[in-house]
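One structure is given here, and the rest of the page talks about it.
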Amino acid sequence: MKNYDHKKIEKKWQTEWEKKNLYKAKEKGKKFYSLIEFPYPSGAGLHVGHIRSNTAMDIVSRKRRMEGYNVLFPIGWDAFGLPTENYAIKTGVHPIKVTKQNTDAFRKQLKEIGFSFDWSREVDTTDPKYYKWTQWIFLQFYKKGLAYKAKTYINWCPKDKIGLANEEVVDGKCERCGTDTEKREKEQWMLAITKYADRLDKDLDLVDYPDRVKLSQRNWIGKSEGMLFTAPVKDMDLEIETFSAHFEAFCADTFVVIAPDHPLLQTLVSGVKNEKEILLTAKKMVQDRSKAGFEQKEPTGIFTGKYIVDPVGNGNLPIWVASYALADYGTGIVKCSAHDVRDFAFAKKYNIPLKPVLFPEDKDLAKKVLNLELCFSDMQKGILKAPNIFAGRIAGETREEIIKYLEEKGLAEKRSSYKIRDWVFSRQRYWGEPIPIIHCEHCGMVPVPEKDLPIVLPKVKSYQPTDTGESPLANIKEWVNVKCPKCKMSAKRETDTMPNWAGSSWYYLRYMDSKNTKSFADSKKIKYWSPVDWYNGGMEHTTLHLLYSRFWHKFLYDLKLVPTIEPYKKRTSHGMILAEDGVKMSKSIGNTVNPADIVRLYGADTLRLYEMFMGPFEDAVNWNTNSIIGSRRFLEKVWRVGVSFNDKKKKKDPSSPKNSLSVEKVLHKTIKKVSEDIENMRFNTAVSNMMIFISEIEKALGSGEAVPKESFKKFLQVLSPFAPHITEELWNIFGEKKSIHISKWPKWSEKMLEENEVKIVIQVNGKVRGEMYIGIEEDEESVKAKATKENSVLKYLEGNVVKRIIYVKGRLVNIVC
RNA sequence: GCCCGAGUGGCGGAACUGGUAUACGCGCACGACUUAAAAUCGUGUCUCGCAAGGGAUGUGGGUUCGAUUCCCACCUCGGGCACCA
């Protein structure tokens, strides 16, 4: 009997599959598009976490193929990014070269695990043939006015003298050197994702995402509905707008705050005698705010000397500059009252008068509110238990009634506000897609003509960002200086590059037609493959990549370039794999696990199986090298049983008994369980059921029962998505000519799952006291009668009157006395 | 502070829609095979108790004939957000 030699088997079939193009997708038949988040090819190599999520989708893809679908399961590289650039800065090796090395290593490693990717569609975001279209899509944004330049604050590290992406700032400190970062004003490219905020929120209703993903996107978008008030500034030809989501207590408003970085502030205070002081104080507030980081600081403020005339009759309200007011939320100006904790604290600090109108039910607390010792801000308890303040009718009214009142009187209008901000889309970095814009003194900003795309990254000597915070590209004169496409005069290229989220915002579309040179993908192919049927990825991408790509997709939909409103029909999320002690695996701690080592020692099939078995797919799990042996043992059993079927030397027992019924039953249960568990990503229980099957078959064979070959082959088929190599080898040994991976997914028979006798548990007062077997169709009365006569139960009934008997069909009887 | 998620044997974890808590795996113990070891196979493995029986799913209550599952309060851990009016 041959031993299970994973090295030989795995190599053999990987080569064979590749030769036969077994997993190549064609545009024919009923389609299924399954997608994993394409990896960032880091120098650290493949992580065991990649294998967990990839195996899951590989299993789904393989099952779909066996179910007759034409499956697209593609792979590529999200290769722009900071680690590669930082490595280049340190070593001087060109990022192109580093990327090539890393993708080669990743490709090799992925192939060793036996994923059923269609390698012919491989994409690389750093390939000019790819980023030509990333740039092209950017130009479409620009043409529609959704890509624009604006002054914003960027994170600046004063030590490294570079601008940092938000992701590089951890707790307000530079990720690289730990220095406190500052905010610096800089012109940045922005993408107007806020224009799509409402649709991004609403259309979540159309997709099959986990609730926690939807919730988290909704929180991020942060839609809140409220009222917009318009008020004239006293003695000034100026009107200001204030937004409030909690406007119920509008009768309590006694002052107004404006954000220190609000664009109207300058106008508002011009001519006020301490104008300079106000503006200086405001500027300082902005600086302090960025430094404060996570510490909630005491609010500071300064009076502007101006008042609004309150539209809802609270008189003239003083306008203050307040550090806690945000310029980019709502209108940046707020009417304030005693019923908001921040307003309350601010007013107390600066002795601004307050007049509470809302009171809690508790008398003592209400008294404290009235005496301004306490801020009552719970509008939810909603109904205003207020003294009659306004127009004789606000007290006791609900939110809806107040909205109606304000609208009817024309005092305010409904408005929604969002937390989400426009997307800062430029980086002052080398390793990203150049933004295809030319700056001309005469014509202003001119988009690069589409025929000139791609704008290829030029060679530079140093990848170090410049002292001024500009991209290293700014130093390449021969690249920067160009002719203006419009007036042909000399002009300069934009030197900012795109963030690494750009290429990943549309890669799933490129996979549909990855070689196309005329468009980002052929429209017929897009139509055939859209939408992505199942997309698995990490929770950490919920509010960045996943949201960004939904945004891009909707934009392309508006341009009629894609046929669906949403890119991904279904989304699932995997949990992280942590080190054995429950902390993140990281190179610096030295607690990483190299998948290649596991593959060498136990084989890819064992690794795949182990990662599916280790715990619930959506939860974080700790790696445990000691437990891998269990999966390996299971595969060895599969191997032994499989080989024994084909052992020619083994003589058939002439008095062979009839086929083992117990194995048949477990087989059908296993087919059902595995089929359903894959759909629900409950791989761990699928594996455990397959383990039960193999024990059962070993037991049966050991006791001389017969098991038909076909039963075992069906088992191999359901195991094949998990362990593609060993099952292919055994399938082959059974004499099958075609691959197991294009065989037909087995069906289970409900009839085989039915039992004609069932075990019934007998409880007395909810405690298990015995059990009995009954026919499945036996009627309730006779089951109850039987239960009360059961020997093991009798002694518990002695001396008691049976009050009630509960029968749960096919499960238990509970005798209550 | 706000919003999610999770607490079950020595460990990873099962448990359908409220119906035998601890499936499956790891580990451990004992046994078989072996000169021996490895591998493999078998048996056992929540806890107290000689037993009959009792107690256990983070803690405390509640609903129910019956609760890991539903409700309320609290504790602990993990994740996300950051003055969002």
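Chain letters run A, B, ... following the sequence lines, proteins first and then strands; every chain starts at 1.
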With a 4.0 Å cut-off on heavy atoms, is [X] in touch with a base, just the backbone sugar-phosphate, or nothing at all?
| X | result |
| --- | --- |
| A:Ile629 | sugar-phosphate |
| A:Arg769 | sugar-phosphate |
| A:Val768 | sugar-phosphate |
| A:Phe634 | nothing |
| A:Val816 | sugar-phosphate |
| A:Ser627 | sugar-phosphate |
| A:Glu771 | nothing |
| A:Arg632 | nothing |
| A:Ser216 | nothing |
| A:Gly332 | base |
| A:Phe693 | nothing |
| A:Ile806 | base |
| A:Lys223 | nothing |
| A:Lys795 | sugar-phosphate |

Checklist entry - What nucleotide, of B:C16, B:A85, B:G25, holds the atom closest to the side chain of A:Arg811? => result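 So the nucleotide nearest the side chain must be B:C16.
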Checklist entry - Hey, does the side-chain of A:Arg633 have a donor or acceptor N/O within less than 3.5 Å of a partner on the base of B:C26? => result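 Such a pair does not exist between side chain and base.
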If I take atom [atom1] in residue [X] and atom [atom2] in nucleotide [N], what distance separates them, rounded to the nearest angstrom?
| X | N | atom1 | atom2 | answer |
| --- | --- | --- | --- | --- |
| A:Leu578 | B:C11 | CG | P | 18 Å |
| A:Asp211 | B:C4 | CG | C1' | 11 Å |
| A:Met614 | B:G12 | CE | C1' | 8 Å |
| A:Asn622 | B:G78 | CG | C1' | 11 Å |
| A:Leu546 | B:G80 | CG | P | 17 Å |
| A:Tyr610 | B:C24 | OH | P | 19 Å |
| A:Asn624 | B:C26 | CG | P | 11 Å |
| A:Asn3 | B:A39 | CG | P | 14 Å |

Compare side-chain N and O positions of [X] against OP1 and OP2 of [N] and report whether any pair is under 4.0 Å apart.
| X | N | result |
| --- | --- | --- |
| A:Asn684 | B:A14 | yes |
| A:Ser224 | B:A85 | yes |
| A:Tyr4 | B:U40 | no |
| A:Arg682 | B:G13 | no |
| A:Arg212 | B:G5 | no |
| A:Lys767 | B:G55 | yes |

Item to check | Residue whose closest nucleotide on RNA chain B lies nearer the 5' end, A:Ala620 versus A:Tyr324 | outcome: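 The residue closer to the strand's 5' end, by nearest nucleotide, is A:Ala620.
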Checklist entry - RNA chain B: A:Ala325 or A:Val761, which has the more 5' nearest nucleotide? => result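 It is A:Val761, whose closest nucleotide lies nearer the 5' terminus.
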Item to check | Worked verdict on A:Glu750 versus A:Lys672 for salt bridge (Lys or Arg N to Asp or Glu O under 4.0 Å) | outcome: CA-CA 9 Å; A:Glu750 282 296 336; A:Lys672 180 181 158 95; 3.6 Å; yes
Tell which nucleotide pairs with [N], taking only Watson-Crick or G-U wobble pairs whose two distances are both under 3.5 angstrom.
| N | answer |
| --- | --- |
| B:A15 | none |
| B:G31 | B:C41 |
| B:G78 | B:C4 |
| B:A85 | none |

Checklist entry - Relative to each other, are the rings of A:Tyr329 and A:Phe243 parallel, tilted or perpendicular (30° and 60° limits)? => result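 Ring orientation, 0 to 90° scale: perpendicular.
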Checklist entry - So among A:Asn765, A:Thr788, A:Ile805, which one has a side-chain contact (heavy atoms from CB on, under 4.5 Å) with A:Cys817? => result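 Going through A:Asn765, A:Thr788, A:Ile805 one by one, the side-chain contact (heavy atoms from CB on, under 4.5 Å) with A:Cys817 is satisfied by A:Asn765 alone.
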Next on the checklist: Any carboxylate oxygen within less than 4.0 angstrom of a Lys/Arg side-chain nitrogen, looking at A:Lys669 and A:Asp677?
Outcome noted: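 Between A:Asp677 and A:Lys669 there is no salt bridge, as every charged N stays at least 4.0 Å from the carboxylate O atoms.
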Next on the checklist: Any salt bridge linking A:Glu696 with A:Lys665? Criterion: basic side-chain nitrogen under 4.0 Å from a carboxylate oxygen.
Outcome noted: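 Salt bridge between A:Glu696 and A:Lys665, a charged N being under 4.0 Å from a carboxylate O: no.
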Checklist entry - Of all heavy-atom pairs between A:Thr625 and A:Glu580, which one has the smallest distance, and what is that distance? => result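 Reported closest heavy-atom pair: N-OE2, 3.3 Å.
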Next on the checklist: Using ring centroids (six-membered ring only for Trp), state whether A:Tyr350 and A:Trp320 fall under 6.0 Å.
Outcome noted: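 Yes, close enough.
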Item to check | Gap between atom OH of A:Tyr602 and atom CD of A:Glu636 - 0.5 Å precision | outcome: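 A:Glu636 atom CD to A:Tyr602 atom OH measures 10.5 Å (nearest 0.5 Å).
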Checklist entry - Any idea if B:G61 is syn or anti, going by the 90°-from-0 cut? => result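 In terms of base orientation relative to the sugar, B:G61 is anti.
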